[in-house]
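Notes for the one structure printed next.
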Amino acid sequence: MPLSWNEIKDRALQFSREWADECAEDAEAKSFWDGFFNIFGVSRRRLANFERRVKTVDGRTGYIDLLWKGKLLVEHKSRGKSLDRAHTQATDYFHGLKERELPHYVLVCDFARFRLYDLEENEQHDFLLSELVNHVHLFGFMAGYQTVAYKEQDPINIKAAERMGLLHDQLKASGYDGHALKVYLVRLVFCLFAEHTGIFEVNQFQDLIEQRTAEDGQDLAQWLANCFEVLNTLKNKRLTRLDEQLAAFPYINGHLFTERLPIAAFDREMRDLLLESCALDWGKISPAIFGALFQSVMNATERRQLGAHYTSETNILKLIQPLFLDDLRAEFERVKYNKKKLFAFQEKLAKLKFLDPACGCGNFLVIAYRELRLLELDVLRELFNDSRDLSIGVGEFNILCNVNQFYGIEIEEFPAQIAQTAMWLIDHQMNLLISQQFGQYYLRIPLTHSAIICHGNALQIDWRDVIKPTELNFILGNPPFIGKSYQSTAQKKDLARIFHDVKGAGNLDFVAAWFRKATDYMTDHPAIKTAFVSTSSIIQGEQIGLLWSDLLKRGIKVHFAHRTFQWSNEAKGNATVHCVIVGFALHDTTEKRLFYYKSVHSEPHETIVGRINPYLVDAPDVIVVRRSSPICSAPNLVYGSKPVDGGNFLFSKTERDSFLSKEPAAANFIKQFIGSEEFIYNIERYCLWLIDCPPEQLKKMPLALKRINKVRLMRLDSQKESTRESADNPAIFTELRQPSSDYLVIPEVSGDRRKYIPMGIVSSNVIASNLLYVIPNSNAYHFGILSSAMHMAWMRTVCGRLGSSYRYSAGIVYNNFPWPESITDKQRNKIELMAQAILDARAQSPNSSLAALYDPLTMPAELVKAHRQLDAAVDTAYSKQKFIGDTDRVAFLFERYQQLTAPLDPQQPKRRKRG
């Protein structure tokens with residue numbers, strides 16, 4: 001067991017006094033460094049060698065004064081010699097070292113002065129021998145202490161996972177596979193972590209491999225099997241003639257080493273790979289990040305994008321802080337000056353129970369436990385802040401929080417094992433932090449407690465069998481995001497089983513099942529709070545009606561929410577997803593926290609509100625349901641015409657010109673053809689529009705007839721009866737909805753970077769496809785209202801998505817939009833005038849596409865000004881009071897929608913209008 005920091009500091013003072021006057025390098029250097037290692041309670045003889053012979057970069061032979069392979073290189077000089085020159089000499093030796101022998105630290109010294117170079121952190125520390133006691137913490141790595149700096153993407157996590165991935169492949173290629181391989185890798189990870197964090201002696205595991213196994217690796221597997229057996233055996237139960245080096249390992253247990261595994265097989269390359277892994281500084285591993293990386297080693301395809309699969313701590317904290325951590329921190333601040341209340345608060349922390357029902361490799365559990373332990377550490381600092389001499393020792397007070405407060409459910413075996421191991425690793429890192437704070441080494445070995453991770457299908461097992469609802473406080477996690485089109489047959493069955501009483505539930509995202517199951521579980525104990533990360537699909541379009549109508553009926557109240565943001569990290573090859581976080585319960589709270597994002601890439605802005613509805617806005621709990629006609633007096637919105645032609649009616653500009661050069665008689669029947677992309681990006685496209693073509697004229701166009709025949713044959717070959725029937729009229733589109741006069745168009749899909757969906761008024765001579773919405777009998781007033789910030793705010797809130805793009809719809813967005821309740825002629829004229837100003841501003845850039853005109857980086861100043869004037873005119877038509885922003889507009893529109901959809905009740909007082 002490592003020495004306490006108190007003992008280390010005492011030894012450092014004694015060492016400084018003993019060597020205060022020494023100056024001769026050759027005479028006493030070796031004794032000096034033996035004594036230096038002894039400060040930390042470790043044997044120099046076991047860890048490091050003097051005078052290691054190497055070839056320098058210029059080919060000369062050099063001798064390293066002291067080398068601890070993979071950890072520390074020392075260059076020692078006589079008193080007063082140049083430390084800069086000593087450093088240059090030390091780095092020259094790197095050329096002659098193997099990669100795994102390269103040091104993390106370089107230390108140069110002349111008895112009186114020390115200079116420590118931390119090569120990984122690129123830091124330099126200079127101090128005198130007399131000041132060693134004040135800098136001894138820099139050498140915590142020598143005693144088994146490790147100061148952990150949590151980084152989102154520390155290279156050590158990637159390197160370690162890559163080594164494990166290669167070792168996995170080698171073992172699998174040798175025939176060692178399945179359950180045994182997964183357990184074997186988890187055990188190796190634990191051993192590698194243990195010898196860098198004080199669970200094992202420094203380099204104990206590496207020394208066993210280097211010193212006791214053959215270089216060809218043939219006997220390595222047997223030595224590892226013996227080591228695993230020893231780690232599972234109490235000291236007093238071990239054989240009396242057990243090999244001394246094996247007997248020095250501590251008893252671990254915790255079921256990690258209980259199972260007897262088949263003996264593996266290694267070769268020279270695999271042994272070298274394991275030794276390279278030993279050379280990494282496993283004390284710097286983040287259990288939260290490494291767990292996901294480690295899981296990815298099991299899949300060679302995923303490993304090519306190693307690092308793309310972990311969840312960043314920043315995103316995890318977005319969930320756990322408002323779920324429980326912020327409240328606990330606030331309570332701590334209230335009681336921190338009352339020791340009796342502090343003791344009670346610590347006991348409260350130790351009684352909290354957490355469940356992640358889709359825990360994967362434990363990221364959320366690890367971070368939640370870490371934050372709980374850090375809070376407990378703050379409690380202990382307050383309780384014992386006057387015990388500066390630390391004479392009470394750690395044993396005088398209890399560390400109460402433990403890993404068995406955390407529960408998880410995971411469908412795959414390997415991540416479930418990683419999750420349990422990761423919790424032990426973070427527990428030990430927190431114990432080291434306690435040790436550094438209070439000067440006594442604190443170790444929870446043997447492992448007597450563990451996180452309870454259930455290997456099973458969370459949608460099939462009863463969560464009550466994992467932990468009783470009355471014992472649980474919080475449910476949290478990041479359930480799988482799988483849209484309906486990508487769900488397997490088994491997943492569809494699981495979803496249907498959970499939503500057995502909800503019609504149309506097959507259209508839900510897979511993640512919705514966790515929302516419903518958590519709600520059913522909380523019924524037995526309504527005090528439980530839940531928070532899940534989800535794709536933003538569950539707060540958009542039709543899924544709102546399917547999922548949230550059901551949850552609201554069961555009494556769900558949203559306590560906090562993060563609106564749509566990009567769920568990602570800095571890893572190479574990382575796929576990004578647009579997500580929301582929803583915190584909810586079966587009880588209400590007066591103050592609710594709503595986090596907005598200016599864009600999906602920006603930082604959140606928090607507001608305190610009195611309500612959060614299923615659209616995650618401060619508005620009434622109403623559900624916008626699909627409607628077949630407008631809720632207000634407005635013209636109908638319909639799709640454009642649908643060709644169903646196999647491409648035979650359609651032309652690019654080049655194809656049109658070529659066709660007309662051979663078939664000039666068709667000139668009057670070739671029309672411009674637009675869908676969403678053609679309209680937004682100014683793409684020239686044309687179609688053969690034969691609805692008004694007389695038969696005698698058509699017979700004079702053989703190339704047109706040839707295309708018509710291809711359409712007929714294509715339709716006859718269709719699986720759909722209605723398409724086959726349309727083969728009787730092969731010269732025209734199957735669905736005809738072309739307006740007879742100029743009409744308003746709205747793209748069905750538009751990118752989310754744009755503040756406004758580009759809409760327009762188009763000539764009746766331009767044919768609109770079914771990928772474009774059209775409003776016949778429309779005018780500038782309709783264009784103005786629909787192009788306004790008011791309508792855009794409504795659209796962004798209730799529409800569906802196609803990827804990250806907005807997906808406009810008639811049934812959800814347009815038909816439910818509350819138009820101004822009563823509008824004066826003056827207001828209408830103002831809106832029409834501002835609508836025309838937008839069209840005029842566009843006309844000033846005739847060669848620019850709408851995509852360019854509405855790109856936030858290239859939008860012309862005149863167009864920006866015109867839209868702002870229109871927004872002001874439309875806002876005024878809705879209310880005399882000024883709208884602060886889109887959140888204010890949406891709240892108003894939901895109030896208006898609630899009025900429009902509420903059943904008439906003469907007993908109810910009339911709602912007061914805004915303004």
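What you see below is based on every heavy atom in this structure, not just the backbone, and it leaves out hydrogens, waters and symmetry mates. Residue numbers count from 1 along this sequence.
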Can you measure from [atom1] ([X]) to [atom2] ([Y]) and round to the nearest 0.5 angstrom?
X	Y	atom1	atom2	answer
Arg113	Lys81	CZ	NZ	11.5 Å
His125	Tyr105	NE2	OH	8.5 Å
Gln89	Arg85	CD	CZ	9.5 Å
Leu13	Arg11	CG	CZ	13.0 Å
Leu66	Cys109	CG	SG	11.5 Å
Glu371	Ile426	CD	CD1	9.0 Å

Steps toward side chain to side chain contact (heavy atoms under 4.5 Å, CB included) verdict (Cys191, Leu224) | CA-CA 10 Å; Cys191 291; Leu224 290 175; over 6 Å; no

Shortest non-hydrogen contact from [X] toward [Y]:
X	Y	answer
Arg373	Ile434	NH2-CG1, 3.8 Å
Asp219	Ala214	OD1-N, 2.9 Å
Arg100	Ala279	O-CB, 3.3 Å
Thr197	Phe193	OG1-O, 2.8 Å
Ala368	Phe406	CB-CE2, 3.8 Å
Ala29	His76	CB-CD2, 3.9 Å

Within the distance-only criterion (no hydrogens, no angle test), does the side chain of [X] pair as donor or acceptor with the backbone N or O of [Y] below 3.5 angstrom?
X	Y	value
Arg271	Ile209	yes
Glu376	Cys401	yes
Gln204	Ala248	yes
Glu75	Val108	no
Trp282	Phe190	no
Arg46	Val202	yes
Arg163	Glu276	no

A quick test of your reading: do over 12 heavy atoms of other residues, nucleotides or ligands sit less than 6.0 Å from [atom1] of [X]?
X	atom1	result
Asp58	CG	yes
Lys235	NZ	yes
Arg329	CZ	yes
Gln14	CD	no
His95	NE2	yes
Glu123	CD	yes
Glu269	CD	no
Gln211	CD	yes

Out of Phe114, Phe32, Phe139, Phe40, which residue meets the ring pair (Phe, Tyr, Trp, His ring centres under 6.0 Å) rule with Phe15?
->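 Result for ring pair (Phe, Tyr, Trp, His ring centres under 6.0 Å) with Phe15: Phe32.
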
Derivation of the side chain to side chain contact (heavy atoms under 4.5 Å, CB included) call for Leu192 and Ile285 = CA-CA 10 Å; Leu192 292 165; Ile285 291 291; over 6 Å; no

Report the C-alpha distance between Lys159 and Glu120 in whole Å, list the side-chain angles of each, state the deciding distance to 0.1 Å, and finish with yes or no for salt bridge (Lys or Arg N to Asp or Glu O under 4.0 Å).
-> CA-CA 13 Å; Lys159 289 180 181 178; Glu120 288 197 348; 5.7 Å; no

Could you tell me whether the side chain of [Y] reaches within less than 4.5 Å of the side chain of [X], counting heavy atoms only?
X	Y	value
Phe94	Val54	no
Asp126	Arg115	yes
Arg52	Glu101	yes
Pro103	Leu72	no
Gln346	Glu382	no
Phe438	Leu380	yes

Can Ser450 and Met423 be said to form a side chain to side chain contact (heavy atoms under 4.5 Å, CB included), step by step?
-> CA-CA 8 Å; Ser450 64; Met423 291 294 283; over 6 Å; no

Given Tyr93 and Tyr63, is the ring pair (Phe, Tyr, Trp, His ring centres under 6.0 Å) satisfied, shown in steps?
-> CA-CA 8 Å; Tyr93 295 142; Tyr63 294 88; 8.7 Å; no

Go through the steps to decide whether Trp68 and Phe141 satisfy the test side chain to side chain contact (heavy atoms under 4.5 Å, CB included), and finish with yes or no.
-> CA-CA 12 Å; Trp68 177 0; Phe141 64 89; 4.2 Å; yes

Salt bridge (Lys or Arg N to Asp or Glu O under 4.0 Å) assessment of Arg212 paired with Asp243 | CA-CA 11 Å; Arg212 305 304 296 278; Asp243 178 88; 2.7 Å; yes

For Arg44 and Asp34, what are the C-alpha separation, side-chain angles and deciding distance, and is it a salt bridge (Lys or Arg N to Asp or Glu O under 4.0 Å)?
-> CA-CA 6 Å; Arg44 190 282 309 164; Asp34 282 343; 2.7 Å; yes

Is there a salt bridge (Lys or Arg N to Asp or Glu O under 4.0 Å) between Arg381 and Asp378 once you walk through the steps?
-> CA-CA 5 Å; Arg381 286 193 185 107; Asp378 286 343; 2.6 Å; yes

